[in-house]
Protein chains: 2
Amino acid sequence: MEQYIELLKHNNIKVTPQRLAIVELMDINGHISVREIFNKIKANFPSLSLATVYKNVNSMLKNSFIKELKITGQDSKYELAKEAHSHLICQSCGDVKDIILDTNSLISDALEKSDYTISESSLQLFGLCSNCQ
Amino acid sequence: MEQYIELLKHNNIKVTPQRLAIVELMDINGHISVREIFNKIKANFPSLSLATVYKNVNSMLKNSFIKELKITGQDSKYELAKEAHSHLICQSCGDVKDIILDTNSLISDALEKSDYTISESSLQLFGLCSNCQ
DNA sequence: CTGACTGCAAACGTTTTGCACGGTA
DNA sequence: TACCGTGCAAAACGTTTGCAGTCAG
């Protein structure tokens with residue numbers, strides 16, 4: 001709890017119960033959609049409004065202390081910003097798992113082969129998690 | 001033109017002028033959104049309905065002879081299915097360019113480090129194209 | 001105390017659906 | 001001819017906005 005308060009304060013966002021619930025969910029679940037956030041919090045917090053979730057997710061995105069994950073065939077999911085990593089996505093249950101892979105050689109190869117500069121990358125690996133195999 | 005007729009026939013989809021226009025646009029533009037498809041075709045084909053574009057794009061997705069490209073901060077774009085490749089995305093003008101990179105070592109590394117099977121991957125590289133630098 | 005946040009309802013844009021008509025095979 | 005595709009209008013969504021009341025700092 002204390003850690004989430006600190007996280008919000010560090011990002012110059014006022015601490016409210018709704019925001020604490022949102023960052024706590026993201027921390028525990030790892031990757032979560034707006035609708036999932038709303039449904040889970042709503043259970044213990046009936047007055048919550050969907051609009052509030054959207055407003056908060058958007059302001060957290062602007063402060064870029066959370067990141068959006070667009071996934072084919074799924075709603076966008078959100079995660080707390082942390083060190084660069086890739087995502088394993090289960091095509092059966094939709095589960096998303098972080099994995100740290102070295103993409104440096106790939107990126108330098110891309111810089112060589114193209115006339116783009118590159119400042120960011122996103123790698124998604126689709127397959128089946130151990131439960132769904 | 002003949003090539004597009006063949007492409008549709010090979011995928012057991014009836015050949016209509018609207019569908020020909022859509023696959024031609026995808027072939028020429030490479031990556032294009034529903035709205036862009038609609039606007040471009042509408043100019044030469046005033047009776048076209050947005051609903052028709054959606055219906056066709058969805059059925060082409062199901063037959064998986066086109067692929068969806070979800071990009072942070074942009075509308076989804078669609079491309080004809082072809083050999084596996086990655087995407088360079090310009091953060092300024094939104095341009096998308098294909099690039100072929102060898103992701104094999106990355107994927108075998110991921111297989112080793114995780115308990116997932118992997119059947120597909122998507123790599124997006126964000127930066128600036130030569131015009132926008 | 002002041003500005004920011006919340007909840008509600010309305011507005012908005014996008015995507016889907018149902019149906020009658022027209023075109024493809 | 002039989003079925004599928006088209007266009008239109010309406011409906012269904014997801015997301016955003018405006019506003020009045022409330023709360024955090």
Side-chain angles (χ1 to χ4, degrees), chain A residues 1-2 4-25 32-63 65-66 68-78 94, chain B residues 1-2 4-25 32-63 65-66 68-78 94:
Chain A
M1 178 59 42
E2 191 54 43
Y4 304 131
I5 296 176
E6 284 312 309
L7 181 59
L8 292 174
K9 285 189 178 170
H10 276 259
N11 286 278
N12 299 313
I13 291 190
K14 277 192 183 172
V15 178
T16 68
Q18 294 86 341
R19 285 175 178 165
L20 283 173
I22 291 172
V23 296
E24 186 180 6
L25 266 184
I32 192 164
S33 69
V34 166
R35 180 132 309 257
E36 287 166 343
I37 293 171
F38 178 70
N39 289 338
K40 294 209 179 188
I41 303 182
K42 186 85 178 177
N44 303 323
F45 203 142
S47 74
L48 180 75
S49 157
L50 234 195
T52 298
V53 179
Y54 277 107
K55 285 171 186 166
N56 282 327
V57 166
N58 284 335
S59 73
M60 291 175 187
L61 279 173
K62 267 185 210 124
N63 286 31
F65 82 90
I66 69 172
E68 185 180 13
L69 199 52
K70 285 199 171 191
I71 308 174
T72 300
Q74 289 191 33
D75 290 347
S76 285
K77 294 189 171 180
Y78 301 88
Chain B
M1 178 61 39
E2 191 53 44
Y4 303 131
I5 295 177
E6 284 312 309
L7 181 60
L8 291 173
K9 286 189 177 169
H10 275 261
N11 286 278
N12 298 313
I13 292 189
K14 276 192 185 172
V15 178
T16 67
Q18 293 85 341
R19 285 174 179 164
L20 283 173
I22 291 172
V23 296
E24 185 181 4
L25 265 184
I32 191 163
S33 70
V34 166
R35 181 132 308 261
E36 288 166 342
I37 293 171
F38 178 69
N39 289 337
K40 294 209 181 190
I41 304 183
K42 186 85 177 176
N44 304 322
F45 202 145
S47 76
L48 180 76
S49 158
L50 234 196
T52 298
V53 179
Y54 276 108
K55 286 171 187 166
N56 282 326
V57 166
N58 284 336
S59 72
M60 291 175 188
L61 279 172
K62 268 185 210 123
N63 286 32
F65 83 90
I66 69 172
E68 186 180 12
L69 200 52
K70 284 197 173 191
I71 308 173
T72 299
Q74 289 191 29
D75 289 347
S76 284
K77 294 190 171 182
Y78 301 88

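Worth saying up front: this structure is predicted, and the values here are computed from it rather than measured. Below, chains carry the letters A, B, ... as their sequence lines are ordered, and counting in each starts from 1.
Side chain K42(B) to base dG7(D): no donor-acceptor pair is found below 3.5 Å. One can find a donor-acceptor pair under 3.5 Å joining the base of dG7(D) and the side-chain atoms of K55(B). A donor-acceptor contact under 3.5 Å is not formed by the side chain of K14(B) with the base of dG22(C).
Taking atom NZ on K70(B) and atom P on dT14(C), their separation rounds to 16 Å, with Å as the unit. Atom CZ of R19(A) is separated from atom C1' of dG25(D) by 13 Å (rounded to the nearest Å). Rounded to a whole Å, the CG atom of L50(B) is 12 Å from the C1' atom of dC8(D). Rounded to an integer number of Å, the gap from I13(A) CD1 to dG3(C) C1' is 15 Å. Summarising the geometry, the separation between CD on Q18(A) and P on dC8(C) is reported as 11 Å, rounded to the nearest angstrom. Here the P atom of nucleotide dC5(C) and the NZ atom of K9(A) are 15 Å apart, to the nearest Å. Spacing between atom CZ of F38(B) and atom P of dT6(D) amounts to 14 Å, rounded to whole angstrom units. The interatomic distance linking R35(A) (CZ) with dA12(D) (P) rounds to 16 Å, in whole Å.
In this structure, N58(A) and N56(B) both approach DNA chain D, and ranking their closest nucleotides by distance from the 5' end singles out N56(B).
Across all strands shown, V34(B) has no heavy atoms under 4.0 Å from either base or sugar-phosphate atoms. Among the atoms of the strands shown, base atoms are found under 4.0 Å from some heavy atom of T52(A).
Of the possible donor and acceptor atoms, one in the side chain of Q74(B) sits under 3.5 Å from a partner among the backbone N and O of G94(B).
The environment of K70(B) atom NZ is dense: over 12 non-hydrogen atoms of other residues, nucleotides or ligands sit within 6.0 angstrom. For K42(A), the NZ atom counts as densely surrounded, since its 6.0 Å shell holds more than 12 non-hydrogen atoms of other residues, nucleotides or ligands.
OP1 or OP2 of dT6(C) has at least one side-chain nitrogen or oxygen of T16(A) nearer than 4.0 Å.
Checking E68(B) against T72(A) by side-chain atom types alone, no donor-acceptor pair falls below 3.5 Å.
Between F38(A) atom CZ and I22(A) atom CD1 the span is 11.0 Å, to the nearest 0.5 Å.
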